[in-house]
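Each residue takes its place number in the sequence, starting with 1. These numbers come from the heavy atoms of this one structure, side chains and all, not from hydrogens, waters or symmetry mates.
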Amino acid sequence: MAFSLRSVKVPPNSANLAEARTRVFDFFRSACRSLPTIMDIYNLDDVAKVSQLRSTIASEIRKNSHVTNPKVIDMLLFKGMEELNNIVEHAKQRHHIIGQYVVGRQGLVQDLGTKDQGISDFLKNFYNSNYS
């Protein structure tokens, strides 16, 4: 799979917005088709599912849905293809993939609920001073 993606090049310019849009859909399809390979390469079966990674790719593409300039879309598409090639060719390590695409930009979800205040006054003062 890595060798087939290596030969795929993004043409330098899209003629219009419709052509750029078609190229984005083609990129999305190729990225989704490479997900099982990526799951095997980085051993992500224990932390993510293919559907979760697919939705992450879709959200990254949707994040730039407001862009209407075909040249900017081509540049973003080139950056996406380069990122996909780096991932498929194992240029990144597992924790990079988990941090960027599994955990996401919001980071780990932390429990902000009430802490067990404990029995001793020392722990109560400690929790109040550090978590308030």
Side-chain angles (χ1 to χ4, degrees):
M1 187 70 173
F3 297 109
S4 64
L5 282 177
R6 190 177 300 163
S7 63
V8 177
K9 300 291 182 199
V10 177
N13 291 323
S14 295
N16 54 23
L17 188 60
E19 185 179 344
R21 185 173 189 246
T22 303
R23 289 183 181 161
V24 170
F25 285 130
D26 291 341
F27 168 72
F28 179 72
R29 270 190 228 90
S30 68
C32 287
R33 288 179 182 148
S34 65
L35 283 178
T37 305
I38 293 169
M39 295 284 286
D40 289 338
I41 290 172
Y42 293 99
N43 194 19
L44 296 175
D45 295 321
D46 57 339
V47 293
K49 297 179 181 176
V50 175
S51 61
Q52 181 183 359
L53 294 177
R54 188 182 312 116
S55 65
T56 302
I57 293 170
S59 69
E60 289 290 321
I61 291 174
R62 282 190 199 106
K63 189 170 64 175
N64 295 311
S65 64
H66 65 280
V67 178
T68 57
N69 186 348
K71 290 185 179 184
V72 176
I73 293 172
D74 287 340
M75 185 267 312
L76 291 169
L77 196 56
F78 178 77
K79 288 174 68 176
M81 264 318 237
E82 186 177 22
E83 180 76 10
L84 180 62
N85 284 337
N86 285 340
I87 291 170
V88 171
E89 291 177 0
H90 211 289
K92 293 188 171 222
Q93 294 181 3
R94 184 175 190 261
H95 67 277
H96 296 138
I97 304 301
I98 292 172
Q100 290 176 350
Y101 302 107
V102 176
V103 175
R105 301 199 189 285
Q106 73 272 10
L108 290 172
V109 177
Q110 296 181 359
D111 181 23
L112 299 177
T114 60
K115 301 289 182 194
D116 183 15
Q117 296 298 316
I119 298 172
S120 69
D121 291 334
F122 172 77
L123 286 178
K124 288 181 184 178
N125 291 334
F126 176 79
Y127 288 139
N128 287 333
S129 66
N130 287 322
Y131 294 111
S132 296

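Between Pro70 and Leu17, the closest heavy-atom pair is CG-N, 3.9 Å. Here the closest non-hydrogen pair linking Cys32 and Arg54 is SG-CG, 3.4 Å. Considering all non-hydrogen atoms of both residues, Val24 and Ile61 come closest at CG1-CG2, 3.8 Å. Across all their heavy atoms, Lys92 and Ile97 have their closest contact at CD-CD1, 3.9 Å. Considering every non-hydrogen atom in both Val88 and Ile41, the closest pair reads O-CD1, 3.4 Å. When every heavy atom of Val50 is checked against every heavy atom of Met39, the shortest pair comes out as CG2-CG, 3.9 Å.
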Could you give me the CA-CA distance, side-chain angles and deciding distance for Val47 and Val103, then say whether side-chain contact (heavy atoms from CB on, under 4.5 Å) is met? CA-CA 9 Å; Val47 293; Val103 175; over 6 Å; no

| query | After noting the C-alpha distance and the side-chain angles of Leu84 and Ile57, does the key distance pass the side-chain contact (heavy atoms from CB on, under 4.5 Å) rule? | reply | CA-CA 10 Å; Leu84 180 62; Ile57 293 170; over 6 Å; no

ask   = Would Glu83 and Lys79 count as a side-chain contact (heavy atoms from CB on, under 4.5 Å) if you check the C-alpha gap in whole Å, the side-chain angles of each, and the deciding distance to 0.1 Å?
value = CA-CA 6 Å; Glu83 180 76 10; Lys79 288 174 68 176; over 6 Å; no

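Listed by chain and residue number, Arg94 satisfy the salt bridge (Lys or Arg N to Asp or Glu O under 4.0 Å) test with Asp46 (two or more places apart in sequence, or in another chain). Scanning for salt bridge (Lys or Arg N to Asp or Glu O under 4.0 Å) contacts around Asp40 gives an empty result, with sequence neighbours left out.
Asp26 has no carboxylate O lying under 4.0 Å from a charged side-chain N of Arg23, or vice versa, which leaves the two without a salt bridge. The pair Glu60-Lys63 meets the salt-bridge criterion, since a charged nitrogen lies less than 4.0 angstrom from a carboxylate oxygen.
Atoms CD1 and CG, from Ile73 and Asn13 in turn, are 12.5 Å apart once rounded to the nearest 0.5 Å. Distance check, rounded to the nearest 0.5 Å: CD1 of Ile87 to CG of Leu53 gives 9.5 Å. Expressed to the nearest 0.5 Å, how far CG of Leu76 lies from CG of Asn64 amounts to 5.0 Å.
Using modelled atom types, one side-chain atom of Asp74 and one backbone atom of Ser14 make a donor-acceptor pair closer than 3.5 Å. Remark: the backbone N or O of Glu19 is paired with a side-chain donor or acceptor of Asn16 at under 3.5 angstrom. Side chain of Tyr42 to main chain of His95: no donor-acceptor pair is present (N/O by atom type, distance under 3.5 Å, no hydrogens or angles).
Remark: aromatic rings of His96 and Tyr101 are distant, center separation not under 6.0 Å.
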